[in-house]
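Residue numbers count from 1 along this sequence.
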Amino acid sequence: MTTSFPMNAGDGVYSYSKNSHLQKEMIDGAKEMVRDAIIRKLNIKIILSSSNTLRIAELGCSVGPNSFSAMQYIVEALKDKYLLNQDQVINFTNNIPEFQIFFNDHVTNDFNILFQSLPFDRSYYAYGVPGSFYGRLFPSRSIHLVHSSSGINWLSKIPKELVDEKSPAWNKGLIHYVDASNVEVVNAYFAQFEKDMEIFFNVRAEEIVQGGMMVLITAFSGYIRLMRFFGSSLMDLVNEGKLDESLVDSFNLPLYYPSPQEMTKVVEKNGLFSIERMELINIKSNLVDEADAKTLMTSLRSSIEGVIISHFGSKIAEEACARTILKSEEISEWMKVNNEKPSILFVALKRK
């Protein structure tokens, strides 16, 4: 996950490193699709025509545990692809290519934890690249494969219309577009996502070699509906006189979860990448199957708590998050109803 807001990434009780169960399930659930995209779609002949080094960018690495798992199976898939296409590689040698992996996240990310927990048996050279992926990160034509899971759903900023009382998109009493009756709220979120992705595709197109690929994985709309439970906890505090309602009105989560149609629209509008595969899939979540609401909400809390702290302060954030996790019975009922619906969007793109 990548965000410009502070994260609770360390080793605390609700740290991302210890509680990112949902994010891990997304990565594991898309594992075979990532491998299939590499094996079937990546043009190994072109990308290894001038170098025996494959460079992979991991955008939104956080502090590592899930990124390390993803990078391990990506490297294995690239090795297999190489061995399957030895006769097509111009500068073929008997040596497997070397791998460079660039772990990227915002400057607020704790890269110390990331590098302290790097796997000892890794078969790649690791680098840290701090900075927003809504800007240039790498030299021109230097990257062969980009991977990002739970990253592009984070907007670069909140649309200003959402907190303007005079705007048709004022999102009073809610913290997201979920459950918003006003279509202008949804439109404002999508407009910001569209702007962000145009920038994202433009800068990645500069960095990725011809024939290189991007693999993007994001949660679909089902999971974002769980965010309303955090919003209801904040409103409970308002109703009890513990929180000023204007603070809730001025807060919106900077998250957008695109549909396949919306993702197709932004890719085709940009025109620099071809869609090799796009699919909605339903991962079999152990958390959902077991109606483990507490663990699921703790996992979501680990990813959004930093945003809540930044706006409300640590005391209110702690109480709101704690109250949300206590709503286990209501959340479990929601999980039982929604466990068969598509939960993640997988997108494989190739640089034209």
- Task: Could you please spell out the steps behind the side-chain contact (heavy atoms from CB on, under 4.5 Å) verdict for I44 and L84?
- Result: CA-CA 10 Å; I44 202 78; L84 286 169; over 6 Å; no
Can you hop from [X] to [Y] via hydrophobic side chains spaced under 4.5 Å?
X    : Y    : result
L162 : V183 : no
L174 : V307 : no
F193 : V186 : yes
V178 : F251 : yes
L237 : I308 : yes

Side chain to side chain contact (heavy atoms under 4.5 Å, CB included) test vs N252 passes for just one of V163, V185, I175, namely V163
For a quick test of reading the model, state the closest non-hydrogen atom pair linking [X] to [Y] and the distance between them.
X    : Y    : value
S233 : K327 : OG-NZ, 3.3 Å
N104 : V129 : ND2-O, 2.8 Å
S67  : E58  : OG-OE2, 2.6 Å
I47  : G212 : CG2-N, 4.3 Å
G211 : L42  : O-CD1, 3.8 Å
A169 : N182 : CA-ND2, 4.1 Å

side-chain contact (heavy atoms from CB on, under 4.5 Å) between T53 and H144, worked out
CA-CA 9 Å; T53 300; H144 300 105; 5.8 Å; no
Determine whether a donor-acceptor pair (N or O, by modelled atom type, separation under 3.5 Å) exists between the side chain of [X] and the backbone of [Y].
X    : Y    : result
E207 : L137 : yes
D249 : G173 : yes
S69  : N66  : no
K352 : G271 : yes
N270 : V266 : no
R141 : A205 : yes
S310 : G306 : no
R55  : S142 : yes
K41  : K350 : no
N202 : E198 : yes

Between F133 and V146, does the side-chain contact (heavy atoms from CB on, under 4.5 Å) criterion hold? Intermediate values first, please.
CA-CA 11 Å; F133 57 46; V146 168; over 6 Å; no
[atom1]-[atom2] distance between [X] and [Y], expressed to the nearest 0.5 angstrom:
X    : Y    : atom1 : atom2 : result
L216 : M263 : CG    : CE    : 6.0 Å
I152 : F201 : CD1   : CZ    : 6.5 Å
L83  : D80  : CG    : CG    : 6.5 Å
L345 : N153 : CG    : CG    : 10.5 Å
S150 : L59  : OG    : CG    : 12.5 Å
I101 : I74  : CD1   : CD1   : 7.5 Å

In terms of ring plane angle, is the pair F190 and Y256 parallel, tilted or perpendicular, where the classes change at 30° and 60°?
tilted
Check the surroundings of atom [atom1] in [X]: do more than 12 heavy atoms from other residues, nucleotides or ligands lie under 6.0 Å from it?
X    : atom1 : value
Y125 : OH    : no
K195 : NZ    : no
E76  : CD    : yes
R40  : CZ    : no
E240 : CD    : yes

Mind checking whether [X] and [Y] have side chains closer than 4.5 Å, heavy atoms only?
X    : Y    : value
L255 : I304 : yes
I38  : Y73  : no
C61  : M71  : no
D164 : W170 : no
Q72  : P119 : no
M197 : K269 : no
L349 : I275 : yes
V209 : R351 : no

Step-by-step side-chain contact (heavy atoms from CB on, under 4.5 Å) determination, L155 to Y134
CA-CA 9 Å; L155 301 176; Y134 293 121; 5.5 Å; no
SB check [X] [Y] (cutoff 4.0 Å):
X    : Y    : answer
E319 : K315 : no
K172 : E245 : yes
K24  : D28  : yes

| query | Can the ring centroids of F230 and H176 be said to lie less than 6.0 angstrom from one another? | reply | no
**Item:** Which residues share a salt bridge (Lys or Arg N to Asp or Glu O under 4.0 Å) with K31, sequence neighbours left out
**Value:**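 Counting only residues at least two positions away or on another chain, K31 forms no salt bridge (Lys or Arg N to Asp or Glu O under 4.0 Å).
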Notebook entry, point to check: Any side-chain donor-acceptor pair under 3.5 Å between Q192 and D196?
Noted result: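 Note: Q192 and D196 side chains meet the donor-acceptor criterion.
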Residue pairs involving residues 48-68 (criterion ring pair (Phe, Tyr, Trp, His ring centres under 6.0 Å); sequence neighbours excluded) |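 As it turns out, the ring pair (Phe, Tyr, Trp, His ring centres under 6.0 Å) pairs with a partner in residues 48-68, which skip direct neighbours, are F68-F103.
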